[in-house]
Chemist: 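Can you keep this structure in mind? I'll have questions shortly.
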Amino acid sequence: QVQLVESGGGSVQSGGSLRLSCAVSGYTYNGVSLAWFRQAPGKEREGVAIIVRTGRTMYADSVKGRCTISQDVGKNTVYLQMNTLNSDDTAMYYCAARTGGSWVWTQSYFTASKFPYWGQGTQVTVSS
C-alpha cells in the first residue's frame, strides 16, 4: 500500500512561485510512477505533471515551461516547482501514484483513473 503526504501549498501573489512536496512510503520508491493533479472548485481533476521510474516526465500544456516535476530517490520525495503562477493555478493539488504497467505518453492517457493511490491534497491559492 502506497502512502502519499503532500506539503508546500499556500497563498501567493500572481507571478510568484511555490514548491510542492510529496513524501512517498509503503512501497519501493523506484517501483512507482508519480504524478501531480489539481482540482479547482467545480472542475474535473486534471493532470499537471508525471515522472516515471526512468525519470522521464510529461506536463499538461497549461503548465509547460512554468512547472518542473522532480524526484529525490534518497528522500522518497517528489516535488513540483511552480513558477509564474496565475489565478488559473488556484486549486487543490494532489500527489498520485501507480505501480507496474507501462505509461502511454499522450495527454489523453493522463487521467486520474490511471492512479490508484492518492494523497490528501494541499491547497494553492494565487491572488492577483
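For the single chain, residues carry numbers from 1 onward in sequence order. The structure presented is a predicted model; accordingly, all values stated were derived computationally and were not measured.
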Chemist: Without swapping roles, check the side chain of T122 against the backbone of G9 for a donor-acceptor pair under 3.5 Å.
Modeler: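 Yes; at least one donor-acceptor contact below 3.5 Å.
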
Chemist: In terms of hydrophobic clustering (I, L, V, M, F, W, Y; side-chain heavy atoms under 4.5 Å; direct or indirect links), are W118 and V2 co-clustered?
Modeler: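 No, it is not one cluster - the side chains of W118 and V2 are not joined through contacts under 4.5 Å.
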
Chemist: Is the shortest side-chain heavy-atom distance between I69 and W36 below 4.5 Å?
Modeler: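 Contact flag for I69/W36 side chains = yes.
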
Chemist: Are Y79 and V12 connected in a single hydrophobic cluster, I mean Ile/Leu/Val/Met/Phe/Trp/Tyr linked by side-chain heavy atoms less than 4.5 Å apart?
Modeler: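 No, because V12 and Y79 fall into different hydrophobic clusters, even though each may have its own neighbours under 4.5 Å.
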
Chemist: Can you tell me how far apart CG (L80) and OG1 (T68) are? Round to the nearest 0.5 Å.
Modeler: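 So the CG of L80 and the OG1 of T68 are separated by 8.0 Å.
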
Chemist: Please determine if R38 forms a cation-pi arrangement with Y93, meaning its NZ or CZ atom is less than 6.0 Å from the six-membered ring centre and no more than 45° off the ring axis.
Modeler: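 Verdict for Y93: no cation-pi partner in R38.
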
Chemist: From I51 CD1 over to M58 CE, what is the distance, rounded to the nearest 0.5 angstrom?
Modeler: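 Rounded to the nearest 0.5 Å, the CD1-CE separation comes to 12.5 Å.
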
Chemist: Evaluate side-chain contact (heavy atoms from CB on, under 4.5 Å) for S87 paired with S128, printing each intermediate quantity in order.
Modeler: CA-CA 7 Å; S87 57; S128 56; 5.6 Å; no

Chemist: Enter the distance from Q107:CD to Y59:OH here, rounded to the nearest 0.5 Å.
Modeler: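 Reported value, rounded in 0.5 Å steps: 12.0 Å.
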
Chemist: Nearest heavy-atom pair of S33 and R53: which atoms, and what distance?
Modeler: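 The answer is OG-NH1, 3.9 Å.
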
Chemist: Are Y109 and W103 an aromatic pair, judged by ring center distance below 6.0 Å?
Modeler: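 Yes: the rings meet the under 6.0 Å criterion.
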
Chemist: Which heavy atom of D89 sits nearest a heavy atom of T84, and at what distance?
Modeler: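 So the two residues come closest at OD2-O, 4.3 Å.
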
Chemist: Are W105 and F110 an aromatic pair by the rule of ring centers under 6.0 Å?
Modeler: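 No, ring centres 6.0 Å or more apart.
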
Chemist: Nearest 0.5 Å, please: how far is SG in C67 from CG in N83?
Modeler: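 Between atom CG of N83 and atom SG of C67 there are 7.5 Å.
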
Chemist: Answer whether the closest heavy-atom distance between the side chains of S21 and E6 falls below 4.5 Å.
Modeler: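 Side-chain contact under 4.5 Å: no.
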
Chemist: Measure centre to centre between the rings of F37 and F115, then say whether the value is under 6.0 Å.
Modeler: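 That pair passes the under 6.0 Å test.
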
Chemist: What's the shortest heavy-atom distance between Q123 and A91, and which atoms?
Modeler: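 Heavy atoms only, the tightest pair is NE2-O, 3.4 Å.
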
Chemist: Could you tell me the separation between the CG atom of L4 and the CG atom of L34, rounded to the nearest 0.5 Å?
Modeler: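 Between L4 CG and L34 CG, I get 7.0 Å after rounding to 0.5 Å.
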
Chemist: Which heavy atom of V78 sits nearest to which heavy atom of S70, and what is that distance?
Modeler: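 Closest approach of V78 to S70, heavy atoms only: CG2-O, 3.1 Å.
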
Chemist: I50, L20: one ILVMFWY side-chain cluster at the under-4.5 Å cut-off?
Modeler: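 No; tracing contacts between hydrophobic side chains, which count when under 4.5 Å, never links both residues.
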
Chemist: Provide the closest heavy-atom pair for L18 versus G8 in the form atom of the first, atom of the second, distance.
Modeler: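 What the structure gives for the nearest pair is CD2-O, 3.8 Å.
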
Chemist: Without hydrogens or angle criteria, can the side chains of N86 and S14 be said to hold a donor-acceptor pair below 3.5 Å?
Modeler: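 Side chains of N86 and S14: no pair found under 3.5 Å.
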
Chemist: Within a 6.0 Å radius of atom CD on Q120, are there more than 12 heavy atoms belonging to other residues, nucleotides or ligands?
Modeler: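 Correct, the count exceeds 12.
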
Chemist: Would V48 end up clustered with M82 when hydrophobic side chains under 4.5 Å apart are linked, directly or stepwise?
Modeler: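 Hydrophobic grouping puts V48 with M82.
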
Chemist: With heavy-atom distances below 4.5 Å as the criterion, would you say the side chains of V24 and T77 are in contact?
Modeler: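 They are not in contact (no side-chain heavy atoms under 4.5 Å apart), so the answer is no.
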
Chemist: How many angstroms lie between CD in Q71 and SG in C22, if you round to the nearest 0.5 Å?
Modeler: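 If I round to the nearest 0.5 Å, the distance is 11.5 Å.
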
Chemist: Kindly give the heavy-atom pair with the smallest separation between G26 and Q3, and that separation in Å.
Modeler: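 Looks like CA-OE1, 3.6 Å.
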
Chemist: Give the cluster check for Y117 versus Y27: same hydrophobic cluster or not, with ILVMFWY residues linked at side-chain heavy-atom distances below 4.5 Å.
Modeler: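 As far as the 4.5 Å side-chain criterion goes, Y27 and Y117 are connected within one cluster.
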
